[in-house]
Amino acid sequence: MSKEKYFIIDFDSTFTKVEALDELGEITLQSDDNKEDILQQVKELTDSAMNGQSSFAEGLEKRLALLQANQKHLPLLISRLKDKVSESVRRNKEFLTQFADHIFIVSSGFKEFITPIVTEYGIKQENIYANTFKTDEQGNLVGFDEQNVLSLDKGKIKLLEQLALAGDVYVLGDGYTDYEIKEAGLANKFYAFTENITRDKVVEKAEHIAPSLDEFLYQNKLPMAISYPKNRISVLLLENIHPQAVELFRREGYQVTTIPGALSEDELCERIQGVSILGIRSKTHVTRRVLEHANRLMSVGAFCIGTNQIDLDACLEAGITVFNAPYSNTRSVVEMAIGEIIMLSRGIPDKSSKMHEGIWDKSAAGSYEVRDKKLGIVGYGNIGAQLSVLAEAMGMEVYYYDVVEKLQLGNARKCDTLHELLEKVDFVTLHVDGRPENKNIFGAAEFAAMKDGALFLNLSRGHVVDIAALVESLKSGKLRGAAVDVFPEEPATNSEPFVSELRGLPNVILTPHIGGSTSEAQVNIANFVPNRIMDYINSGNTYQSVNFPNIQLPELKNAHRLIHIHANVPGVLAKINQVLANNHVNILGQYLKTNEGIGYVITDIDKAYDKQVINDMRQVPHTTKFRILY
């Protein structure tokens, strides 16, 4: 017969994200000129006690004296604490309710604010052990009940001795006083809870770490609100991806590693093992060979527009979703193009260089307005179309060419061929994608077809232009100037030199691939891509994936979701449903979408089912990946 299991859970920085007395200080000292100094003293006293470096009872007395609190402050404190319950605790309310008879809140805090918080999560009032306040006639909180063992040093040990729980005892907490229960032999296991704060001394002593309540439940095979602890999902972000993306992944509970530069194929092969989510920009290449080393990869995020640096077919075959940011930096690139069109038209690059050399060259020669000039846009996608609107608003006459039929905006005129456009316009700006067949699509013949004295911009992809032909056109005077933001070969990091034949040429603007590098664009990308990936991980949604069949799923409610990725061959759906029928599984909803490579089947089922169905689903022929969500 198995033993009963009891769970001892701390309150401050465990059940809640914060230390309650620190929060109380934020309320009571609101108008105090020395608020920050006093709060720092309170924090230091808390940390000292939690790390086992000082007397708990003495520290508690000092903290209360500093806080100058009154009973009237408690309702506001309770309200604040209700908003600061730990995320993994919120998720697992069902566990707390289901095991309420065996869950004890043991805290050195105070019942007056703990009880209203934890009882909302099913904790029984009689299982809450904490201190209580002493008040004076004015309601000031002047002390604590000194007869309560939890007000004493080693108070939690004394309490557990009194409880004398007959069974296995598991302690979950962030402080040294929680660890001491295990040290005293009164608990089978102590888990250092690090979701909100990591106390190094406590972690060093702990045999077990719980970055979340999910991890604690997972390790002990207890009911969880989610299928898999998110702290076990590893995220690798390369190339200085914006901190907002790092914050979003960490807030979700993922383990995040960042690397400032790009990685070579060999380096990425080494680092990709164990990684579930990979985030890159334009310089890191995700090749088939890299994917062969990826043993846990679920999704790749391109924190940019292009995905040509990713082998999309290989990702598809491996059941790995790819997401990018097709719209997030559109405005930034368009604004840069507009600025460079004006700068080149006015000959600003040469004027600026001369000024830096001390040369005053005030002249209108070779300087023109852009109004009434003809702008030719090659590639009428998101960027090209928005550029046409802004250019037209400045009085330019806009022409465009695209290999795909696109509806023009405003008064933009479509050209049937590229050469038709080149012969008409005063400016040519490229906004094509980076597919391999676009390599050197703009070369000597295209430059020759342009008007004499025309201006040229490339803010799309480096390999689409024959650089030698561009250099020759500039040196010969065929082109009056150019702006180039992307290059066939680019430095992997800022510490490497930039080498190009374009350096030093007159009326040429060279920029280091920064068309989309504005604060606004990077924040947009840093929000968009992680949210798409997390939506896929959390719910199975593939909406806006670059390579997967796009499915936008309903919210998962009172069901478990089976996600099955398989090679797109006939008969797989029938085999999936046969497995479900053989296991007497009740289907609540089912969704299927395919593309040329894979089939994506999502099945929502009743929570009650024989776990054998999971093994059977994995054995369905042609299965690429299978996982379960709940």
Side-chain angles (χ1 to χ4, degrees), residues 2-17 19-20 49-52 56 85-86 88-89 92-111 113-115 117-132 148-197 199 201-203 205-224:
S2 61
K3 290 184 180 179
E4 294 280 7
K5 291 182 179 179
Y6 297 95
F7 307 99
I8 310 298
I9 302 177
D10 182 35
F11 181 76
D12 293 288
S13 296
T14 298
F15 200 97
T16 58
K17 302 175 185 178
E19 293 290 323
M50 290 301 99
N51 286 320
F56 175 79
V85 172
S86 296
S88 64
V89 171
N92 289 287
K93 182 176 180 179
E94 191 172 326
F95 161 75
L96 298 171
T97 303
Q98 183 180 341
F99 286 80
D101 289 337
H102 293 82
I103 293 175
F104 296 81
I105 299 296
V106 176
S107 171
S108 304
F110 290 83
K111 279 188 178 182
F113 54 74
I114 292 175
T115 299
I117 309 299
V118 302
T119 49
E120 288 193 358
Y121 288 81
I123 306 294
K124 294 190 171 182
Q125 195 159 338
E126 60 267 29
N127 287 357
I128 301 168
Y129 293 89
N131 286 297
T132 53
N148 188 327
V149 294
L150 288 170
S151 71
L152 307 173
D153 292 333
K154 310 285 185 184
K156 290 187 178 181
I157 294 174
K158 294 179 174 68
L159 176 70
L160 265 292
E161 287 173 341
Q162 291 176 11
L163 290 175
L165 298 171
D168 292 336
V169 176
Y170 300 85
V171 178
L172 185 69
D174 65 284
Y176 197 82
T177 56
D178 304 304
Y179 162 72
E180 286 180 323
I181 299 172
K182 168 70 167 63
E183 186 184 42
L186 295 167
N188 299 73
K189 293 181 181 180
F190 164 68
Y191 287 79
F193 189 77
T194 59
E195 181 173 330
N196 305 308
I197 189 170
R199 303 188 192 278
K201 188 173 179 182
V202 179
V203 170
K205 295 279 189 180
E207 294 176 2
H208 307 279
I209 309 296
S212 63
L213 181 56
D214 308 302
E215 176 66 23
F216 173 80
L217 299 176
Y218 183 81
Q219 287 189 30
N220 290 289
K221 297 182 171 57
L222 293 163
M224 293 167 55

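Bear in mind that the values here come from a model prediction, so they are computed numbers and not experimental data.
When every heavy atom of Phe190 is checked against every heavy atom of Gly175, the shortest pair comes out as CZ-O, 4.2 Å. The minimum heavy-atom distance between Ile105 and Phe15, with the atom names listed, is CD1-CD1, 3.9 Å. When all heavy atoms of Ala210 and Glu215 are compared, the closest pair comes out as CA-CG, 4.3 Å. Nearest heavy-atom pair, Ile114 versus Ser107, reported as atom, atom and distance to 0.1 Å: CD1-OG, 3.4 Å. Minimum heavy-atom separation, Gly173 to Asp10: CA-CB, 3.8 Å. Across all non-hydrogen atoms, the minimal contact from Val89 to Leu213 is CA-CD2, 4.0 Å.
Under a cutoff of 6.0 Å and an axis angle of 45°, Lys201 and Tyr176 form a cation-pi pair.
For the side chain to side chain donor-acceptor pair (under 3.5 Å) test with His102, the passing option among Lys5, Glu4, Lys124 is Glu4; the others fail. Here the options are Val106, Leu186, Asp178, the test is side chain to side chain contact (heavy atoms under 4.5 Å, CB included), and the partner is Val171; only Asp178 passes.
Put simply, OG on Ser86 and CG on Asn92 are 11.0 Å apart, with the number rounded to the nearest 0.5 Å. Taken to the nearest 0.5 Å, the CD atom of Glu195 stands 13.5 Å off from the CZ atom of Phe216. Between the CZ atom in Phe193 and the CG atom in Leu172 there is a gap of 6.0 Å [rounded to 0.5 Å]. Taking CG from Leu163 and OH from Tyr129, the interatomic distance works out to 4.5 Å, rounded to the nearest 0.5 Å. To the nearest 0.5 Å, atom CG of residue Asn148 and atom CG of residue Leu150 are 5.0 Å apart. Atom CZ in Phe110 sits 10.0 Å away from atom CG in Asp12 (nearest 0.5 Å).
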- Take Ile103 and Ile123 through the test side chain to side chain contact (heavy atoms under 4.5 Å, CB included) and record every step on the way to the result. CA-CA 7 Å; Ile103 293 175; Ile123 306 294; 3.6 Å; yes
- Message: Please evaluate residues Leu96 and Ile9 with respect to the criterion side chain to side chain contact (heavy atoms under 4.5 Å, CB included), reporting the C-alpha separation (whole Å), side-chain torsions for both, the decisive distance (0.1 Å), and the verdict.
- Response: CA-CA 11 Å; Leu96 298 171; Ile9 302 177; 4.2 Å; yes
- Query: How far apart are the C-alpha atoms of Ser13 and Asn196, what are their side-chain angles, what is the distance that settles it, and do they pass the side-chain hydrogen bond (donor to acceptor under 3.5 Å, both in side chains) test?
  - Reply: CA-CA 6 Å; Ser13 296; Asn196 305 308; 5.9 Å; no
- Please report the C-alpha distance between Asn220 and Tyr191 in whole Å, then the side-chain angles of each, then the deciding distance to 0.1 Å, and finally whether the side chain to side chain contact (heavy atoms under 4.5 Å, CB included) criterion is met. CA-CA 11 Å; Asn220 290 289; Tyr191 287 79; 3.1 Å; yes
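Around atom CD of Glu207, no more than 12 heavy atoms belonging to other residues, nucleotides or ligands sit under 6.0 Å away. Counting heavy-atom neighbours within 6.0 Å of Lys189 NZ, excluding the residue itself, gives a total above 12. Counting non-hydrogen atoms of neighbouring residues, nucleotides and ligands closer than 6.0 angstrom, the CD atom of Gln125 reaches no more than 12 such neighbours. Other residues, nucleotides and ligands place more than 12 heavy atoms under 6.0 Å from the CD atom of Glu161.
Ile181 is not listed as a side-chain neighbour of Leu159, based on a closest heavy-atom distance of 4.5 Å or more.
Ring orientation note: the planes of Phe95 and Phe7 are nearly perpendicular, at an angle over 60° on the 30°/60° scale.
Under a 3.5 Å cut-off, the side chain of Asn127 and the backbone N or O of Ala100 do form a donor-acceptor pair. A donor-acceptor pair is defined here as one N or O able to donate and one able to accept, closer than 3.5 Å; such a pair exists between the side chain of Lys93 and the backbone of Glu120.
Classification of Lys154 and Glu180 as a salt-bridged pair holds, one side-chain N sitting under 4.0 Å from a carboxylate O.
Remark: Leu152 pairs with Lys158 by the side-chain contact (heavy atoms from CB on, under 4.5 Å) rule, at least two apart or across chains.
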